[in-house]
Amino acid sequence: MKILSVNAGSSSLKFQMYEMPEEKVLISGVFERIGIKGSCYTIKLNGEKTTKEANLSDHKDAVKILVDELIANKIIYDLNEIKGIGHRIVQGADKFDRSVIIDDVVLKTISDLSSLAPLHNPAAVIGIEAFKEMIPNAVAVAVFDTSFHQTMEEETYLYALPYEWYTDYQVRKYGAHGTSHKYVANRLSELLNKKDGKFIVCHLGNGGSITAVKDGKCVDTSMGFTPNAGLVMGTRCGDIDASIIPYMMEKANMTPKDIDNAINKQSGLLGISGVSSDSRDIDEGISEGNERCILAKKMFVRRVVDYIAKYYVLLNGADAIAFTAGIGENSITMRKQIIEKLAILGVELDEERNNVRGKEQLITSNNSKIPCYIIPTDEEGMIAMDTYNLIEG
Ligand code: AMP
């Protein structure tokens, strides 16, 4: 069965087509600069990438070209071969605790949640509508970044703010990266042959979050009302004292929009280093002796360790810790610095095992009290699997 996994942004559309249930990737790609001058798309087929210019005035143009490419490359002969389309949705709030088939009510709910994810949910709605128009017979499925975190208890997801902020304005912790955390936690269960394990999953990419998972369920996660909370990220600040915001608004005459931009786009590794949001550039700065790059990496490591320690206590121990996403999978030095700070928990790095990128692997010694693994994440595969499972009933 052919299933498309789709991630629509406001000016981009990523896709991956699978043969299911084998989870074989047939073709993948990304459409960029949709509705902006200089639009183009890249297709990856049989390990080869091709980029082409194209006039993409809206998402429908992108879907039309996608369909043409699928036929031209003989991935499909007929549109009806595409049985399902799984859409990544950033914010499902407390309305969705699992993936669902999209009908008019679901679509309206996703749209109504736009105020909680103003950059993402409207783009997803546009993507869903474009695919519905071009490929009407495929079952559309919504897979939410937030649904895995819906098992958190009230005492965990509430902020100690006026209760009416929650009841009247939906202010609470929702988390994000749920599809990735769920995939990695499931993979740890398989690797350890332990269905009822206590796992700490570290998704460290440009955005980063850590989740405490018990018996396959999320107990707590570091992202909050928005993805801004928790870790030091590429350009997001993570946890700060909330009073800094009104202070800076007054002192520097900043508007809510200025503040939003500062805490989401100008902070984190970029804000501290003044060099870049990319951990590879930070490492380069460190090798040149750049003090602020050294400080940025120290702060990143420190916050990750803080959360691991907090979740270790919350879970009353841990059966395994996993590292995933761009930094978690690829940064040998970041993993080393994090794991070395966990010595008090009896965690012991194996430098040779850790000397790898992007590969599923145990990276701690055989004596380590808690095994740590690299588990490359597969959000697209999870979206395809949820879509397949809902179609199969
Ligand atoms: P993601 O958001 O998951 O794509 O992750 C992006 C982050 O992963 C960036 O900070 C990259 O610098 C980092 N990253 C990707 N590849 C490597 C690598 N080979 N070594 C170190 N960091 C990497």
Side-chain angles (χ1 to χ4, degrees), residues 5 7 9 12-16 28-30 32 42 44 49 88 90 119-120 145 175-184 187 201-211 221-223 226-238 264-288 290 292-304 322-340 349 351 353-361 363 372-383:
S5 176
N7 184 354
S12 69
L13 193 145
K14 288 188 200 141
F15 70 92
Q16 207 146 357
S28 64
V30 57
E32 288 172 287
T42 303
K44 191 172 166 197
K49 269 188 184 177
R88 177 197 179 205
V90 164
L119 295 180
H120 295 103
D145 266 15
H177 293 147
T179 310
S180 173
H181 287 290
K182 186 175 168 187
Y183 172 81
V184 174
R187 196 66 205 115
V201 179
C202 308
H203 178 114
L204 309 178
N206 186 39
S209 62
I210 302 196
T211 294
T221 192
S222 63
M223 281 181 168
T226 73
N228 188 269
L231 304 180
V232 172
M233 303 179 222
T235 58
R236 296 188 192 118
C237 57
N264 282 298
K265 306 253 168 74
Q266 305 296 330
S267 299
L269 292 177
L270 173 64
I272 295 298
S273 71
V275 169
S276 170
S277 61
D278 192 299
S279 76
R280 287 166 290 198
D281 298 338
I282 300 294
D283 281 340
E284 207 177 304
I286 292 171
S287 69
E288 290 159 3
N290 183 316
R292 279 173 56 185
C293 286
I294 296 169
L295 177 62
K297 191 161 181 172
K298 275 189 186 161
M299 289 172 69
F300 185 103
V301 168
R302 169 78 178 271
R303 190 74 59 84
V304 171
F323 294 91
T324 195
I327 295 172
E329 292 169 28
N330 297 299
S331 179
I332 294 163
T333 54
M334 199 73 93
R335 286 193 307 259
K336 177 176 153 69
Q337 290 183 24
I338 293 165
I339 290 175
E340 282 177 351
L349 185 75
E351 299 241 11
R353 287 176 180 167
N354 185 45
N355 194 18
V356 20
R357 297 182 204 276
K359 199 176 135 213
E360 189 171 285
Q361 175 143 318
I363 53 173
C372 298
Y373 290 87
I374 301 168
I375 311 258
T377 195
D378 186 10
E379 289 163 288
E380 294 79 13
M382 277 292 281
I383 292 171

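All heavy atoms count here, side chains included; hydrogens, waters and symmetry mates do not. One-based numbering, in listed order, for ligands and for the atoms of each. For this chain, numbers begin at 1 and follow the sequence in order.
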- [ ] Start with the C-alpha gap between Gln16 and Ile383, add the side-chain angles, then the distance that decides, and say whether side chain to side chain contact (heavy atoms under 4.5 Å, CB included) holds.
- [x] CA-CA 10 Å; Gln16 207 146 357; Ile383 292 171; over 6 Å; no
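- Ser222 places a side-chain N or O within 3.5 Å of a backbone atom of Ile210 that can act as its donor or acceptor partner.
- Listed for the Thr235 side chain is a donor-acceptor partner under 3.5 Å among the backbone atoms of Asn264.
- Protein residues having at least one heavy atom under 4.0 Å from any atom of ligand 1 are Gly205, Asn206, Asp278, Ser279, Arg280, Ala325, Gly326, Ile327, Asn330, Ser331, Arg357, listed by chain and number.
- At a threshold of 4.0 Å, the pair Arg280-Glu284 does not count as salt-bridged, since none of the basic side-chain nitrogens sits closer than that to a carboxylate oxygen.
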- [ ] Decide yes or no on side chain to side chain contact (heavy atoms under 4.5 Å, CB included) for Asn228 and Met233, but give the supporting numbers first.
- [x] CA-CA 9 Å; Asn228 188 269; Met233 303 179 222; 5.9 Å; no
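- Arg236 places no side-chain N or O within donor-acceptor distance of the main-chain N or O of Gly268, the cut-off being under 3.5 Å.
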